[in-house]
Amino acid sequence: MLDPLILRNDLHATVAALETRGYALDAGAYEALEARRKALQMEVEELQSKRNSNAKSIGQAKAKGEDIQPLLDAVAELGDQLKTAEASFRQVRDEQADWLLDMPNLAASDVPAGADESENVELRKWGVVPTFEFEPRDHVELGELHRMMDSEAAAKLAGARFTLLKSSFARLHRALAQFMLDVHTQEHGYTEVYVPYLVKGETMQGTGQLPKFSDDAFATTDDPPRYLVPTAEVPVTNLAADQIFAADDLPLKYVAQTPCFRREAGSAGQDTRGMIRQHQFEKVELVHIVRAEDSKAAHEELISNAEIILQKLNLAYRTIVLCKGDMGFSACKTYDIEVWLPGQGTYREISSCSNCSDFQARRMKARVRNPESGKNELVHTLNGSGLAVGRTLIAVLENYQQQDGSVRIPEVLQPYMGGQELITL
RNA sequence: GGAGAGGUGGCAGAGCGGUUGAAUGCACCGGUCUUGAAAACCGGCAUGGGUUUGUAGCCCAUCGUGGGUUCGAAUCCCACCCUCUCCGCCA
(Lines give C-alpha, C1' and ligand atoms only; values in the text may rest on other atoms or scores of the structure.)
Protein backbone atom coordinates (compact mmCIF):
# COMPACT_ATOMS: atom_id res chain seq x y z
CA MET A 1 0.00 0.00 0.00
CA LEU A 2 1.22 3.47 -0.80
CA ASP A 3 1.47 6.06 1.91
CA PRO A 4 -1.84 7.94 1.84
CA LEU A 5 0.15 11.06 2.68
CA ILE A 6 1.97 11.12 -0.64
CA LEU A 7 -1.35 10.96 -2.43
CA ARG A 8 -2.59 13.81 -0.28
CA ASN A 9 0.50 15.99 -0.54
CA ASP A 10 1.82 15.23 -3.97
CA LEU A 11 -1.02 13.73 -5.92
CA HIS A 12 0.04 14.75 -9.38
CA ALA A 13 3.59 13.46 -9.10
CA THR A 14 2.20 10.21 -7.75
CA VAL A 15 -0.25 9.90 -10.61
CA ALA A 16 2.65 10.35 -13.03
CA ALA A 17 4.75 7.76 -11.22
CA LEU A 18 1.89 5.28 -11.26
CA GLU A 19 1.41 5.86 -14.94
CA THR A 20 4.94 4.65 -15.69
CA ARG A 21 3.87 1.40 -14.09
CA GLY A 22 0.81 1.17 -16.29
CA TYR A 23 -1.63 2.24 -13.59
CA ALA A 24 -4.08 4.97 -14.40
CA LEU A 25 -5.29 6.94 -11.39
CA ASP A 26 -8.09 9.43 -11.88
CA ALA A 27 -6.62 12.36 -9.96
CA GLY A 28 -9.81 14.40 -9.96
CA ALA A 29 -11.94 11.58 -8.61
CA TYR A 30 -9.40 10.74 -5.96
CA GLU A 31 -9.08 14.35 -4.92
CA ALA A 32 -12.85 14.66 -4.59
CA LEU A 33 -12.98 11.53 -2.48
CA GLU A 34 -10.19 12.83 -0.29
CA ALA A 35 -12.02 16.11 0.20
CA ARG A 36 -15.13 14.22 1.31
CA ARG A 37 -13.07 12.10 3.65
CA LYS A 38 -11.59 15.10 5.30
CA ALA A 39 -14.91 16.86 5.77
CA LEU A 40 -16.66 13.76 7.06
CA GLN A 41 -13.90 12.77 9.40
CA MET A 42 -13.84 16.20 10.97
CA GLU A 43 -17.59 16.16 11.33
CA VAL A 44 -17.62 12.75 12.95
CA GLU A 45 -14.87 13.57 15.36
CA GLU A 46 -16.48 16.81 16.34
CA LEU A 47 -19.75 15.03 17.11
CA GLN A 48 -17.90 12.38 19.07
CA SER A 49 -16.11 15.04 21.02
CA LYS A 50 -19.42 16.69 21.82
CA ARG A 51 -20.91 13.38 22.89
CA ASN A 52 -17.95 12.68 25.16
CA SER A 53 -18.02 16.02 26.90
CA ASN A 54 -21.80 15.85 27.34
CA ALA A 55 -21.60 12.40 28.83
CA LYS A 56 -18.96 13.64 31.19
CA SER A 57 -21.10 16.58 32.37
CA ILE A 58 -24.05 14.30 32.90
CA GLY A 59 -21.96 12.02 35.00
CA GLN A 60 -20.71 14.90 37.11
CA ALA A 61 -24.16 16.38 37.56
CA LYS A 62 -25.53 13.03 38.58
CA ALA A 63 -22.76 12.56 41.09
CA LYS A 64 -23.73 15.84 42.71
CA GLY A 65 -27.37 14.80 42.75
CA GLU A 66 -28.51 17.49 40.31
CA ASP A 67 -31.38 17.07 37.93
CA ILE A 68 -29.95 15.70 34.69
CA GLN A 69 -33.10 15.69 32.60
CA PRO A 70 -32.38 19.03 30.87
CA LEU A 71 -28.94 17.75 29.93
CA LEU A 72 -30.43 14.57 28.54
CA ASP A 73 -32.89 16.59 26.47
CA ALA A 74 -30.05 18.67 25.10
CA VAL A 75 -28.25 15.69 23.65
CA ALA A 76 -31.28 13.82 22.44
CA GLU A 77 -30.50 14.21 18.75
CA LEU A 78 -26.77 13.78 18.96
CA GLY A 79 -26.89 10.01 18.72
CA ASP A 80 -28.72 9.96 15.43
CA GLN A 81 -26.57 12.67 13.93
CA LEU A 82 -23.48 10.77 14.90
CA LYS A 83 -24.79 7.52 13.51
CA THR A 84 -25.54 9.12 10.16
CA ALA A 85 -22.20 10.85 9.95
CA GLU A 86 -20.32 7.72 10.95
CA ALA A 87 -22.04 5.68 8.28
CA SER A 88 -21.09 8.16 5.56
CA PHE A 89 -17.56 8.43 6.82
CA ARG A 90 -17.15 4.69 6.91
CA GLN A 91 -18.35 4.39 3.36
CA VAL A 92 -15.88 6.99 2.09
CA ARG A 93 -13.06 5.51 4.11
CA ASP A 94 -13.75 2.02 2.75
CA GLU A 95 -13.89 3.37 -0.76
CA GLN A 96 -10.55 5.05 -0.26
CA ALA A 97 -9.07 1.89 1.23
CA ASP A 98 -10.23 -0.14 -1.76
CA TRP A 99 -8.51 2.34 -3.98
CA LEU A 100 -5.27 2.26 -2.03
CA LEU A 101 -5.25 -1.54 -1.98
CA ASP A 102 -5.58 -1.52 -5.74
CA MET A 103 -2.55 0.67 -6.45
CA PRO A 104 0.85 -0.91 -7.13
CA ASN A 105 4.06 0.10 -5.42
CA LEU A 106 6.05 2.95 -6.94
CA ALA A 107 9.22 2.05 -8.80
CA ALA A 108 12.57 2.90 -7.26
CA SER A 109 14.37 5.77 -8.96
CA ASP A 110 17.00 3.52 -10.55
CA VAL A 111 14.50 1.21 -12.26
CA PRO A 112 14.66 1.50 -16.05
CA ALA A 113 11.65 2.86 -17.89
CA GLY A 114 9.78 0.52 -20.18
CA ALA A 115 6.39 -0.92 -20.88
CA ASP A 116 6.97 -4.66 -20.94
CA GLU A 117 9.55 -7.42 -20.73
CA SER A 118 11.18 -6.41 -24.00
CA GLU A 119 12.59 -3.38 -22.20
CA ASN A 120 14.13 -5.21 -19.26
CA VAL A 121 17.86 -4.64 -18.95
CA GLU A 122 20.49 -7.35 -18.72
CA LEU A 123 22.97 -6.69 -15.91
CA ARG A 124 25.37 -9.61 -16.18
CA LYS A 125 25.90 -13.08 -17.52
CA TRP A 126 27.56 -15.96 -15.75
CA GLY A 127 28.83 -19.33 -16.93
CA VAL A 128 29.35 -20.93 -20.26
CA VAL A 129 26.40 -21.90 -22.39
CA PRO A 130 27.07 -25.57 -23.06
CA THR A 131 27.50 -26.89 -26.58
CA PHE A 132 26.37 -30.34 -27.59
CA GLU A 133 27.58 -32.61 -30.36
CA PHE A 134 24.02 -33.80 -30.69
CA GLU A 135 20.61 -32.21 -30.70
CA PRO A 136 19.89 -31.65 -27.00
CA ARG A 137 16.56 -32.99 -25.82
CA ASP A 138 14.23 -30.89 -23.72
CA HIS A 139 13.18 -32.09 -20.27
CA VAL A 140 9.96 -33.59 -21.58
CA GLU A 141 11.81 -35.83 -24.00
CA LEU A 142 14.26 -36.76 -21.29
CA GLY A 143 11.40 -37.53 -18.96
CA GLU A 144 9.75 -39.80 -21.49
CA LEU A 145 13.02 -41.50 -22.30
CA HIS A 146 13.68 -42.29 -18.65
CA ARG A 147 9.98 -42.88 -17.85
CA MET A 148 10.47 -40.72 -14.80
CA MET A 149 8.31 -37.70 -15.65
CA ASP A 150 4.66 -38.37 -16.36
CA SER A 151 2.23 -35.60 -17.14
CA GLU A 152 -0.50 -38.00 -18.21
CA ALA A 153 -0.53 -39.76 -14.87
CA ALA A 154 -0.66 -36.38 -13.18
CA ALA A 155 -3.46 -35.24 -15.50
CA LYS A 156 -5.47 -38.33 -14.60
CA LEU A 157 -5.20 -37.39 -10.95
CA ALA A 158 -5.47 -33.63 -11.09
CA GLY A 159 -5.95 -32.32 -14.61
CA ALA A 160 -3.64 -30.23 -16.74
CA ARG A 161 -0.53 -28.44 -15.47
CA PHE A 162 0.64 -31.05 -13.01
CA THR A 163 3.60 -33.36 -13.30
CA LEU A 164 4.42 -36.64 -11.66
CA LEU A 165 8.07 -37.44 -11.00
CA LYS A 166 9.46 -40.93 -10.39
CA SER A 167 12.56 -42.59 -9.01
CA SER A 168 15.78 -40.70 -9.77
CA PHE A 169 13.99 -37.63 -11.11
CA ALA A 170 11.88 -37.44 -7.96
CA ARG A 171 14.96 -37.86 -5.84
CA LEU A 172 16.92 -35.30 -7.80
CA HIS A 173 14.06 -32.88 -7.29
CA ARG A 174 14.19 -33.51 -3.57
CA ALA A 175 17.99 -33.29 -3.57
CA LEU A 176 17.87 -29.86 -5.19
CA ALA A 177 15.58 -28.48 -2.52
CA GLN A 178 17.71 -29.94 0.27
CA PHE A 179 20.86 -28.56 -1.31
CA MET A 180 19.42 -25.06 -1.62
CA LEU A 181 18.18 -25.05 1.96
CA ASP A 182 21.55 -26.18 3.24
CA VAL A 183 23.47 -23.54 1.29
CA HIS A 184 21.22 -20.74 2.49
CA THR A 185 21.16 -21.80 6.11
CA GLN A 186 24.80 -22.84 6.41
CA GLU A 187 26.55 -20.36 4.14
CA HIS A 188 24.23 -17.37 3.89
CA GLY A 189 22.93 -17.09 7.43
CA TYR A 190 19.23 -17.74 6.84
CA THR A 191 16.90 -19.20 9.42
CA GLU A 192 14.86 -22.06 8.06
CA VAL A 193 11.14 -21.94 8.71
CA TYR A 194 8.39 -24.43 8.08
CA VAL A 195 5.11 -22.66 7.51
CA PRO A 196 1.42 -23.27 6.83
CA TYR A 197 0.47 -23.81 3.19
CA LEU A 198 -3.03 -22.50 3.79
CA VAL A 199 -3.39 -18.92 4.95
CA LYS A 200 -6.08 -16.43 5.81
CA GLY A 201 -7.28 -13.74 3.43
CA GLU A 202 -5.68 -11.00 5.51
CA THR A 203 -2.35 -12.76 5.18
CA MET A 204 -2.71 -12.74 1.40
CA GLN A 205 -3.64 -9.08 1.61
CA GLY A 206 -0.55 -8.33 3.66
CA THR A 207 1.79 -9.26 0.85
CA GLY A 208 -0.43 -7.92 -1.93
CA GLN A 209 -2.02 -11.02 -3.49
CA LEU A 210 -5.45 -9.89 -2.31
CA PRO A 211 -7.81 -8.29 -2.96
CA LYS A 212 -6.69 -7.55 -6.50
CA PHE A 213 -5.43 -10.91 -7.70
CA SER A 214 -7.93 -13.30 -6.18
CA ASP A 215 -8.30 -15.06 -9.55
CA ASP A 216 -4.71 -16.26 -9.34
CA ALA A 217 -5.11 -18.11 -6.06
CA PHE A 218 -6.77 -21.35 -5.05
CA ALA A 219 -9.19 -20.88 -2.18
CA THR A 220 -10.85 -23.38 0.11
CA THR A 221 -14.61 -23.57 0.40
CA ASP A 222 -14.85 -22.98 4.14
CA ASP A 223 -16.12 -19.66 5.38
CA PRO A 224 -14.14 -17.51 5.47
CA PRO A 225 -11.98 -19.16 2.83
CA ARG A 226 -8.33 -19.97 3.27
CA TYR A 227 -5.89 -19.71 0.42
CA LEU A 228 -3.26 -22.13 -0.84
CA VAL A 229 0.00 -20.22 -0.75
CA PRO A 230 1.14 -19.09 -4.21
CA THR A 231 4.64 -18.61 -2.77
CA ALA A 232 6.26 -18.92 0.64
CA GLU A 233 6.71 -15.16 0.45
CA VAL A 234 3.14 -14.93 1.77
CA PRO A 235 3.38 -16.86 5.03
CA VAL A 236 7.02 -15.99 5.70
CA THR A 237 6.82 -12.23 5.12
CA ASN A 238 3.65 -12.09 7.19
CA LEU A 239 5.60 -13.33 10.18
CA ALA A 240 6.38 -9.63 10.54
CA ALA A 241 2.71 -8.59 10.46
CA ASP A 242 1.52 -6.53 13.44
CA GLN A 243 5.01 -6.59 14.92
CA ILE A 244 7.08 -3.79 16.33
CA PHE A 245 10.68 -4.93 16.19
CA ALA A 246 13.55 -3.60 18.21
CA ALA A 247 16.25 -2.28 15.90
CA ASP A 248 18.65 -5.06 16.82
CA ASP A 249 16.05 -7.74 15.99
CA LEU A 250 16.74 -6.86 12.36
CA PRO A 251 17.65 -7.91 9.79
CA LEU A 252 15.61 -11.11 9.77
CA LYS A 253 16.55 -13.56 7.04
CA TYR A 254 14.27 -16.52 6.50
CA VAL A 255 14.34 -19.40 4.07
CA ALA A 256 11.45 -21.77 3.51
CA GLN A 257 10.75 -24.56 1.10
CA THR A 258 7.09 -24.87 0.23
CA PRO A 259 4.89 -25.99 -2.58
CA CYS A 260 3.38 -23.07 -4.47
CA PHE A 261 -0.12 -23.21 -5.88
CA ARG A 262 -1.22 -20.99 -8.72
CA ARG A 263 -4.35 -20.90 -10.79
CA GLU A 264 -2.44 -19.60 -13.81
CA ALA A 265 -5.60 -17.85 -14.88
CA GLY A 266 -4.81 -15.83 -17.97
CA SER A 267 -1.82 -17.90 -19.01
CA ALA A 268 -3.83 -20.43 -20.99
CA GLY A 269 -1.83 -21.77 -23.89
CA GLN A 270 1.50 -20.55 -22.48
CA ASP A 271 4.15 -23.11 -21.60
CA THR A 272 1.73 -25.99 -21.85
CA ARG A 273 4.55 -28.41 -22.60
CA GLY A 274 6.49 -29.88 -19.70
CA MET A 275 6.78 -28.62 -16.16
CA ILE A 276 7.73 -25.00 -16.78
CA ARG A 277 4.37 -23.61 -15.69
CA GLN A 278 2.41 -25.73 -13.24
CA HIS A 279 -0.46 -25.33 -10.79
CA GLN A 280 1.83 -26.78 -8.15
CA PHE A 281 5.56 -26.42 -7.86
CA GLU A 282 8.19 -26.47 -5.20
CA LYS A 283 10.19 -23.37 -4.36
CA VAL A 284 12.86 -22.39 -1.87
CA GLU A 285 12.10 -18.83 -0.93
CA LEU A 286 14.27 -16.20 0.73
CA VAL A 287 12.78 -13.36 2.75
CA HIS A 288 14.47 -10.38 4.36
CA ILE A 289 12.88 -8.07 6.92
CA VAL A 290 15.12 -5.02 7.28
CA ARG A 291 15.23 -1.38 8.27
CA ALA A 292 14.47 1.02 5.45
CA GLU A 293 18.02 2.26 5.03
CA ASP A 294 19.27 -1.31 4.61
CA SER A 295 16.95 -2.56 1.90
CA LYS A 296 19.07 -1.68 -1.12
CA ALA A 297 22.03 -3.60 0.25
CA ALA A 298 19.73 -6.46 1.27
CA HIS A 299 18.41 -6.63 -2.28
CA GLU A 300 21.92 -7.06 -3.66
CA GLU A 301 22.66 -9.70 -1.04
CA LEU A 302 19.46 -11.54 -1.90
CA ILE A 303 20.16 -11.72 -5.62
CA SER A 304 23.70 -12.88 -5.02
CA ASN A 305 22.48 -15.55 -2.60
CA ALA A 306 20.22 -16.88 -5.34
CA GLU A 307 22.89 -16.67 -8.04
CA ILE A 308 25.30 -18.72 -5.99
CA ILE A 309 23.01 -21.72 -6.22
CA LEU A 310 23.31 -21.66 -10.01
CA GLN A 311 27.04 -21.14 -9.77
CA LYS A 312 27.43 -24.16 -7.54
CA LEU A 313 25.36 -26.15 -10.00
CA ASN A 314 27.48 -24.69 -12.80
CA LEU A 315 24.45 -23.57 -14.77
CA ALA A 316 24.78 -20.61 -17.12
CA TYR A 317 22.48 -17.73 -16.35
CA ARG A 318 21.93 -14.06 -16.81
CA THR A 319 20.62 -11.49 -14.38
CA ILE A 320 18.27 -8.76 -15.51
CA VAL A 321 16.54 -5.84 -13.90
CA LEU A 322 12.88 -5.54 -14.74
CA CYS A 323 11.66 -2.29 -16.27
CA LYS A 324 8.86 -0.33 -14.64
CA GLY A 325 6.15 -1.84 -16.79
CA ASP A 326 7.15 -5.45 -16.14
CA MET A 327 7.47 -5.35 -12.37
CA GLY A 328 5.11 -7.10 -10.02
CA PHE A 329 2.51 -5.30 -7.96
CA SER A 330 4.33 -5.03 -4.63
CA ALA A 331 7.86 -4.43 -5.86
CA CYS A 332 9.77 -1.20 -6.10
CA LYS A 333 12.61 -2.99 -7.87
CA THR A 334 13.00 -6.53 -9.17
CA TYR A 335 15.89 -8.62 -10.43
CA ASP A 336 15.20 -11.80 -12.35
CA ILE A 337 17.64 -14.61 -12.90
CA GLU A 338 17.23 -16.54 -16.12
CA VAL A 339 18.91 -19.91 -16.55
CA TRP A 340 20.03 -21.30 -19.87
CA LEU A 341 17.83 -24.17 -21.08
CA PRO A 342 19.46 -26.07 -23.97
CA GLY A 343 16.22 -27.90 -24.78
CA GLN A 344 14.60 -24.55 -25.53
CA GLY A 345 17.73 -22.78 -26.67
CA THR A 346 16.94 -19.81 -24.49
CA TYR A 347 17.17 -18.30 -21.02
CA ARG A 348 14.17 -18.86 -18.79
CA GLU A 349 13.24 -17.25 -15.48
CA ILE A 350 14.30 -19.32 -12.49
CA SER A 351 14.30 -16.67 -9.77
CA SER A 352 12.75 -13.32 -9.10
CA CYS A 353 14.10 -11.13 -6.31
CA SER A 354 12.11 -8.08 -5.29
CA ASN A 355 12.53 -5.21 -2.94
CA CYS A 356 9.01 -4.32 -1.78
CA SER A 357 10.17 -1.30 0.24
CA ASP A 358 7.48 -0.38 2.80
CA PHE A 359 4.61 -1.42 0.53
CA GLN A 360 3.88 -4.75 2.20
CA ALA A 361 4.96 -3.50 5.62
CA ARG A 362 2.29 -0.80 5.51
CA ARG A 363 -0.37 -3.34 4.61
CA MET A 364 0.60 -5.66 7.40
CA LYS A 365 1.74 -3.11 9.98
CA ALA A 366 5.29 -4.38 10.30
CA ARG A 367 7.37 -1.81 12.15
CA VAL A 368 10.66 -1.25 13.85
CA ARG A 369 11.36 1.14 16.67
CA ASN A 370 14.00 3.68 15.75
CA PRO A 371 16.33 3.76 18.75
CA GLU A 372 17.43 7.35 18.08
CA SER A 373 14.00 8.91 17.69
CA GLY A 374 11.94 6.37 19.63
CA LYS A 375 9.50 6.42 16.71
CA ASN A 376 8.08 3.39 14.99
CA GLU A 377 9.00 3.11 11.34
CA LEU A 378 7.79 0.70 8.71
CA VAL A 379 10.24 -2.05 7.88
CA HIS A 380 11.21 -2.95 4.36
CA THR A 381 10.47 -6.45 3.06
CA LEU A 382 12.25 -8.34 0.32
CA ASN A 383 11.74 -11.74 -1.17
CA GLY A 384 13.32 -13.87 -3.81
CA SER A 385 13.38 -17.40 -5.09
CA GLY A 386 16.46 -19.27 -4.19
CA LEU A 387 15.43 -21.07 -6.43
CA ALA A 388 12.32 -22.44 -8.08
CA VAL A 389 12.98 -26.14 -7.60
CA GLY A 390 11.00 -27.54 -10.54
CA ARG A 391 12.65 -25.21 -13.01
CA THR A 392 16.06 -25.97 -11.54
CA LEU A 393 15.36 -29.65 -12.11
CA ILE A 394 14.60 -28.86 -15.73
CA ALA A 395 17.82 -26.89 -16.04
CA VAL A 396 19.92 -29.69 -14.54
CA LEU A 397 18.32 -32.33 -16.77
CA GLU A 398 18.73 -30.34 -19.95
CA ASN A 399 22.25 -29.04 -19.23
CA TYR A 400 23.68 -32.28 -17.88
CA GLN A 401 22.27 -34.63 -20.49
CA GLN A 402 24.52 -36.81 -22.61
CA GLN A 403 24.15 -38.17 -26.10
CA ASP A 404 22.53 -41.44 -24.99
CA GLY A 405 20.05 -39.54 -22.87
CA SER A 406 21.70 -40.28 -19.55
CA VAL A 407 22.02 -37.37 -17.15
CA ARG A 408 25.09 -36.58 -15.10
CA ILE A 409 24.41 -35.48 -11.56
CA PRO A 410 26.13 -32.22 -10.58
CA GLU A 411 28.84 -32.83 -8.03
CA VAL A 412 27.23 -30.72 -5.31
CA LEU A 413 24.08 -32.83 -5.53
CA GLN A 414 25.73 -36.22 -5.36
CA PRO A 415 25.84 -36.31 -1.54
CA TYR A 416 22.07 -35.79 -1.61
CA MET A 417 21.71 -38.67 -4.11
CA GLY A 418 23.51 -41.27 -2.05
CA GLY A 419 26.66 -40.77 -4.10
CA GLN A 420 24.96 -41.42 -7.42
CA GLU A 421 26.80 -39.76 -10.31
CA LEU A 422 24.66 -40.60 -13.28
CA ILE A 423 21.04 -41.23 -14.09
CA THR A 424 21.28 -44.03 -16.60
CA LEU A 425 18.63 -45.32 -18.92
C1' G B 1 -16.58 -33.32 18.03
C1' G B 2 -17.95 -32.88 23.83
C1' A B 3 -17.01 -30.24 28.72
C1' G B 4 -14.70 -26.26 31.24
C1' A B 5 -11.43 -21.72 31.82
C1' G B 6 -9.73 -17.40 29.68
C1' G B 7 -8.49 -13.22 26.08
C1' U B 8 -6.69 -5.65 29.19
C1' G B 9 -0.44 -1.65 27.47
C1' G B 10 6.69 -4.87 25.88
C1' C B 11 5.56 -8.64 30.01
C1' A B 12 2.77 -9.80 34.50
C1' G B 13 -1.71 -8.19 36.45
C1' A B 14 -6.00 -4.70 38.74
C1' G B 15 -10.28 -2.64 37.08
C1' C B 16 -18.33 -0.36 41.25
C1' G B 17 -21.85 1.58 33.81
C1' G B 18 -19.46 7.90 34.81
C1' U B 19 -13.18 13.19 34.94
C1' U B 20 -10.05 5.13 33.45
C1' G B 21 -6.27 5.46 27.93
C1' A B 22 -6.73 2.48 31.84
C1' A B 23 -4.13 1.02 39.21
C1' U B 24 0.23 -1.73 40.61
C1' G B 25 4.73 -4.44 39.64
C1' C B 26 8.60 -5.71 36.14
C1' A B 27 11.21 -4.12 31.87
C1' C B 28 12.86 0.24 29.33
C1' C B 29 14.58 5.69 28.94
C1' G B 30 16.30 10.28 31.53
C1' G B 31 17.94 12.47 36.18
C1' U B 32 19.72 12.76 41.53
C1' C B 33 23.13 10.16 44.57
C1' U B 34 28.10 7.42 43.73
C1' U B 35 35.19 7.43 42.14
C1' G B 36 32.20 3.99 38.85
C1' A B 37 28.32 0.49 38.99
C1' A B 38 24.33 -1.50 41.82
C1' A B 39 20.62 -0.09 45.27
C1' A B 40 17.49 3.90 46.61
C1' C B 41 14.81 8.17 45.16
C1' C B 42 12.53 11.63 41.30
C1' G B 43 10.53 11.94 36.41
C1' G B 44 9.13 9.76 31.71
C1' C B 45 7.24 5.65 29.02
C1' A B 46 0.89 2.22 24.38
C1' U B 47 -0.74 2.37 19.20
C1' G B 48 -3.15 4.39 15.06
C1' G B 49 -5.53 8.60 12.98
C1' G B 50 -7.38 13.84 12.15
C1' U B 51 -6.30 19.06 12.16
C1' U B 52 -2.02 22.12 11.59
C1' U B 53 3.85 25.21 8.48
C1' G B 54 4.67 22.18 12.89
C1' U B 55 8.41 15.99 16.11
C1' A B 56 3.85 22.38 19.72
C1' G B 57 -1.21 22.29 20.93
C1' C B 58 -6.20 20.46 20.35
C1' C B 59 -9.34 16.43 18.92
C1' C B 60 -10.84 11.20 17.68
C1' A B 61 -10.35 5.95 17.94
C1' U B 62 -8.44 1.45 20.18
C1' C B 63 -8.98 -3.15 26.63
C1' G B 64 -9.70 -10.47 20.97
C1' U B 65 -13.42 -9.13 16.55
C1' G B 66 -18.22 -7.45 15.04
C1' G B 67 -23.03 -5.92 16.52
C1' G B 68 -26.48 -4.17 20.51
C1' U B 69 -28.30 -1.54 25.15
C1' U B 70 -27.16 3.55 27.25
C1' C B 71 -26.63 10.54 27.71
C1' G B 72 -22.12 7.52 28.76
C1' A B 73 -19.31 0.61 27.90
C1' A B 74 -12.80 -2.37 29.39
C1' U B 75 -17.17 -3.00 32.59
C1' C B 76 -24.09 -5.15 30.69
C1' C B 77 -26.33 -8.27 26.31
C1' C B 78 -25.69 -11.18 21.55
C1' A B 79 -22.71 -13.51 17.79
C1' C B 80 -18.08 -14.89 16.15
C1' C B 81 -12.64 -15.70 16.50
C1' C B 82 -8.52 -17.31 19.22
C1' U B 83 -5.76 -19.59 23.41
C1' C B 84 -5.43 -23.11 27.45
C1' U B 85 -7.11 -27.71 30.28
C1' C B 86 -9.71 -32.43 30.24
C1' C B 87 -12.34 -36.22 27.19
C1' G B 88 -13.02 -38.34 22.24
C1' C B 89 -10.81 -39.09 17.35
C1' C B 90 -6.37 -39.14 14.65
C1' A B 91 -0.96 -38.50 10.90
Side-chain angles (χ1 to χ4, degrees), chain A residues 1-11 30-31 33-101 194-206 220 222-227 235 238-250 252 259 292 358 360-379:
Chain A
M1 197 162 87
L2 297 181
D3 185 350
L5 282 177
I6 69 163
L7 286 151
R8 215 174 285 167
N9 298 334
D10 206 357
L11 182 60
Y30 188 86
E31 227 162 15
L33 187 66
E34 169 59 17
R36 286 194 64 205
R37 187 230 100 222
K38 181 167 170 174
L40 280 168
Q41 182 162 354
M42 288 173 74
E43 184 190 343
V44 165
E45 291 186 358
E46 198 175 314
L47 287 168
Q48 286 171 326
S49 179
K50 208 178 278 181
R51 175 202 63 194
N52 291 345
S53 58
N54 282 330
K56 207 165 269 183
S57 331
I58 291 171
Q60 286 167 329
K62 206 175 173 184
K64 289 186 216 149
E66 295 170 6
D67 178 19
I68 59 169
Q69 194 53 46
L71 288 167
L72 290 180
D73 294 342
V75 300
E77 283 168 30
L78 203 57
D80 286 341
Q81 283 177 29
L82 185 56
K83 233 169 223 178
T84 311
E86 278 176 335
S88 314
F89 175 53
R90 194 174 312 173
Q91 195 187 329
V92 168
R93 199 187 25 134
D94 289 349
E95 203 176 316
Q96 203 169 29
D98 289 347
W99 215 329
L100 284 166
L101 287 171
Y194 169 77
V195 294
Y197 302 160
L198 284 169
V199 296
K200 294 191 266 191
E202 59 192 88
T203 304
M204 291 283 274
Q205 183 170 302
T220 62
D222 47 342
D223 184 29
R226 290 171 222 265
Y227 297 84
N238 273 284
L239 288 173
D242 296 313
Q243 297 278 314
I244 301 174
F245 295 104
D248 53 12
D249 290 339
L250 304 183
L252 288 170
D358 61 11
Q360 296 179 324
R362 186 171 291 105
R363 289 177 163 236
M364 58 189 192
K365 298 183 183 66
R367 292 150 296 172
V368 56
R369 189 178 295 278
N370 182 323
E372 283 84 46
S373 66
K375 292 288 174 191
N376 294 334
E377 300 168 349
L378 293 169
V379 299

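Sequence lines set the chain letters: A, B, ... in the order given, protein chains first and strands last, and positions in each chain run from 1.
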My understanding is that a pair needs two contacts under 3.5 Å, Watson-Crick or G-U wobble. By that rule, which nucleotide pairs with [N]?
{"N": "B:G88", "value": "none"}
{"N": "B:C80", "value": "B:G64"}
{"N": "B:U19", "value": "none"}

Would you mind classifying the nucleic acid contact of [X] as base, sugar-phosphate or nothing, using non-hydrogen atoms under 4.0 angstrom?
{"X": "A:Arg93", "result": "nothing"}
{"X": "A:Arg362", "result": "nothing"}
{"X": "A:Gln48", "result": "sugar-phosphate"}
{"X": "A:Lys38", "result": "sugar-phosphate"}

Can you tell me how far [atom1] in [N] sits from the matching atom in [M], rounded to whole Å?
{"N": "B:U85", "M": "B:A27", "atom1": "P", "answer": "29 Å"}
{"N": "B:C78", "M": "B:G25", "atom1": "P", "answer": "36 Å"}
{"N": "B:A79", "M": "B:A23", "atom1": "P", "answer": "32 Å"}
{"N": "B:C29", "M": "B:C45", "atom1": "P", "answer": "16 Å"}
{"N": "B:G15", "M": "B:C76", "atom1": "P", "answer": "12 Å"}

> Crowded around A:Arg93 CZ? As in, over 12 foreign heavy atoms under 6.0 Å?
Replying inline: yes

>> The test is side-chain hydrogen bond (donor to acceptor under 3.5 Å, both in side chains); show your working for A:Asp73 and A:Gln69 and say whether it passes.
In response: CA-CA 6 Å; A:Asp73 294 342; A:Gln69 194 53 46; 3.0 Å; yes

> Say you draw a straight line from CZ of A:Arg226 to NZ of A:Lys200; how long is it, rounded to the nearest 0.5 Å?
Replying inline: 8.0 Å

> 5'-most contact on RNA chain B: A:Glu34 or A:Arg90, nearest heavy atom basis?
Replying inline: A:Glu34

>> Both A:Gly79 and A:Lys56 contact RNA chain B. Which one's nearest nucleotide lies toward the 5' end?
In response: A:Lys56

Whole angstroms only, please: what is the [atom1]-[atom2] distance between [X] and [N]?
{"X": "A:Glu45", "N": "B:U62", "atom1": "CD", "atom2": "P", "answer": "11 Å"}
{"X": "A:Leu82", "N": "B:G72", "atom1": "CG", "atom2": "C1'", "answer": "12 Å"}
{"X": "A:Asp3", "N": "B:G50", "atom1": "CG", "atom2": "P", "answer": "9 Å"}
{"X": "A:Lys50", "N": "B:C60", "atom1": "NZ", "atom2": "P", "answer": "13 Å"}

> Checking only heavy atoms, does the side chain of A:Gln60 share a donor-acceptor pair with the base of B:G18 at less than 3.5 Å?
Replying inline: no

>> If you apply the rule salt bridge (Lys or Arg N to Asp or Glu O under 4.0 Å), what do you find for A:Glu34 with A:Arg37, and how did you get there?
In response: CA-CA 5 Å; A:Glu34 169 59 17; A:Arg37 187 230 100 222; 2.3 Å; yes

> Looking only at heavy atoms, what is the nearest atom pair of A:Leu378 and A:Ala361, with distance?
Replying inline: CD2-O, 3.8 Å

